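All remarks here apply to the structure that follows.
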There are 2 protein chains.
Amino acid sequence: MYTRLMSTRDRLVEATRELLWERGYVGTSPKAIQQAAGAGQGSMYHHFAGKPDLALAAIRRTAQELRAAAEAALGGEGSAYDRVEAYLRRERDVLRGCPVGRLTMDPDVMASPQLRAPVDETLDWLRGRLAGILQEGLERGELTGPLDPEAVAATVVATVQGGYVLARSSGSAAAFATAVDGLLLLLSAHKVPAEQGRSE
Amino acid sequence: MYTRLMSTRDRLVEATRELLWERGYVGTSPKAIQQAAGAGQGSMYHHFAGKPDLALAAIRRTAQELRAAAEAALGGEGSAYDRVEAYLRRERDVLRGCPVGRLTMDPDVMASPQLRAPVDETLDWLRGRLAGILQEGLERGELTGPLDPEAVAATVVATVQGGYVLARSSGSAAAFATAVDGLLLLLSAHKVPAEQGRSE
DNA sequence: GTCTATAACACGATAGAC
DNA sequence: GTCTATCGTGTTATAGAC
């Protein structure tokens, strides 16, 4: 149930976002959406063509939010390592999993070019953004090789996505943190100590 | 459809394993299982108490197979690094995702202590097995610190699980390989070159 | 815009014949 | 052991009143 300060359309989208996160596309019925949004059948089919159309609106919104949250950490102050660490350690609803990444396991989402596009684009943007930061770190002399930015960026994204799996499996958010710790430990071996002439 | 050389019971389990892998628990109906197995309603409910019971048999079997496949790589010849690499690079149906890991995103599986137990146990065993190998590598002088075996083991498992997400998202198995490459690149910085007195 | 009614089918399971 | 019949409920809509 969402506040009546939101339009029916927005409540439907928000309810769908929550259910998609919790139960996936296959596990989410129009009826469940309507009940969560406090809307009738008629309202839903007035605002949206059907379940796929509503899901598309929800997925796009979720992808946009994820991107903004990631950028808040990645675009911050500090060295390349610091920004990657900030991203890895940012606050997360770990036990709920990744609202975007989990859609990759949904057969109906993957079967629809429309629904899968925002998922692919978001993860690809994230990987590219991380690669750029790592590349910059190498160029600025903050990081030392051998360190392929594209490959390590993929590893960073994969560790996060897999961290959710470990956390949900064990029922503990600590499992996510441990995987991140391991990655940062490996990455920190490539840190160049800050020397005179730069940031201190 | 499965060979008639298998018992009806086994065909039901195999069909369930395939559908669970492809569509998850929530997305798999008894009817779909029966059709894939070439069995009627009566057969299914004769051999199994219901969908959860059948799913449990299927999940246990899948977990067992995954464990055996992982052990084949992890228990092989070579240094700690080599065995971890063998595990990471072992042949996989990358675009299908992990048949065990994907269950962590299934709300009905996670809500059932019985169904989630094999998932948790399998991933936990894998993490522990990897940690043991890394620890051994440190003790034997094949690997050099700082390298927390428990944390890095979690990172290895997470990279694999997340690699599946990246591969399915992009529709390309190469994305999995890239994430693995990045991890091995980071880990290889801790390799101690084989010297006189050991294995050569 | 939102509501209720209805439809055609799928879901997950039970009953009982064979 | 396997089959068909049946059940009550849920799914994904469409129709049409208000």
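The structure presented is a predicted model; accordingly, all values stated were derived computationally and were not measured. Proteins get letters first, then strands, A, B, ... in listed order; numbering begins at 1 in each.
A salt bridge does not link A:Arg23 with B:Asp106: every distance from a Lys NZ or Arg NE/NH1/NH2 to an Asp or Glu carboxylate oxygen is 4.0 Å or more.
Atom CZ in B:Arg11 sits roughly 11 Å away from atom C1' in D:dT2 (whole-Å rounding). We find that CG of A:Leu12 is positioned 15 Å from P of D:dT12, with the value rounded to whole Å. In this structure, B:Gln35 places its CD atom 14 Å from C1' of C:dG12, rounding to the nearest Å. Following rounding to the nearest Å, B:Met44 (CE) and C:dG12 (P) show an atom-to-atom distance of 8 Å. One interatomic measurement links the two molecules: CZ of A:Arg9 to P of C:dT2, which rounds to 11 Å at whole-angstrom precision. The separation between B:Tyr25 atom OH and C:dC11 atom C1' is 12 Å, rounded to whole Å. Nucleotide C:dA8 holds its C1' atom 12 Å from the NZ atom of B:Lys31, rounded to whole Å. Across the protein-nucleic acid pair, B:Gln34 atom CD and D:dT4 atom P stand 11 Å apart, rounded to whole Å.
Candidate nucleotides C:dG12, C:dT6, C:dT2 were compared by shortest atom distance to the side chain of A:Thr8, and C:dT2 ranks first. Comparing atom distances between the B:His47 side chain and each of C:dG12, D:dT2, C:dT2 picks out D:dT2 as nearest. With C:dC11, D:dT4, C:dA5 as the candidates, the nucleotide lying closest to the side chain of A:Gln41 is C:dA5. Of the listed nucleotides (C:dA13, C:dG12, C:dC3), C:dG12 has the atom at the smallest distance from the side chain of B:Pro30. Of all nucleotides listed (D:dT12, C:dT2, D:dG1), C:dT2 comes nearest to the side chain of A:His46. If you check C:dC11, D:dT2, C:dA13 against the side chain of B:Lys51, the one that comes closest is C:dA13. When the nucleotides D:dT11, D:dT6, D:dC3 are ranked by their closest atom to the side chain of B:Ser43, D:dC3 comes out on top. Which of D:dT4, C:dT2, D:dA13 sits closest to the side chain of A:Pro52 comes down to D:dA13.
Among the heavy atoms of the strands lying under 4.0 Å from A:Gly42 is at least one base atom, whether or not backbone atoms are also near.
Screening B:Glu136, B:Glu142, B:Glu71 for a salt bridge (charged side-chain N to carboxylate O under 4.0 Å, His left out) involving B:Arg83 leaves a single residue, B:Glu136.
Comparing B:Gly40 and A:Ala49 by the nucleotide of DNA chain D that holds the closest heavy atom to each, the one mapping nearer the 5' end is B:Gly40.
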Let me have the donor-acceptor pairs involving side chains of residues 154-168 of chain B, under 3.5 Å, with sequence neighbours excluded, atom names and distances please.
residue, atom, partner, partner atom, Å
B:Thr155, OG1, A:Ala179, O, 2.7
B:Thr155, OG1, A:Leu183, N, 3.1
B:Thr155, OG1, B:Ala151, O, 3.0
B:Thr159, OG1, A:Thr159, OG1, 3.4
B:Thr159, OG1, B:Thr155, O, 2.8
B:Tyr164, OH, B:Arg92, NE, 3.1
B:Arg168, NE, A:Thr104, O, 2.6
B:Arg168, NH1, B:Leu95, O, 2.8
B:Arg168, NH2, A:Thr104, O, 3.0

All N/O donor-acceptor pairs, side-chain side in residues 117-126 of chain A, below 3.5 Å, sequence neighbours left out:
residue, atom, partner, partner atom, Å
A:Thr122, OG1, A:Pro118, O, 2.7
A:Asp124, OD1, A:Arg127, NH2, 3.2

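Put simply, A:Ser29 has a side-chain N or O that comes within less than 4.0 Å of OP1 or OP2 on D:dT11.
Contact of the B:Met105 side chain with the B:Met110 side chain is not registered, since no non-hydrogen atoms from C-beta on lie closer than 4.5 Å.
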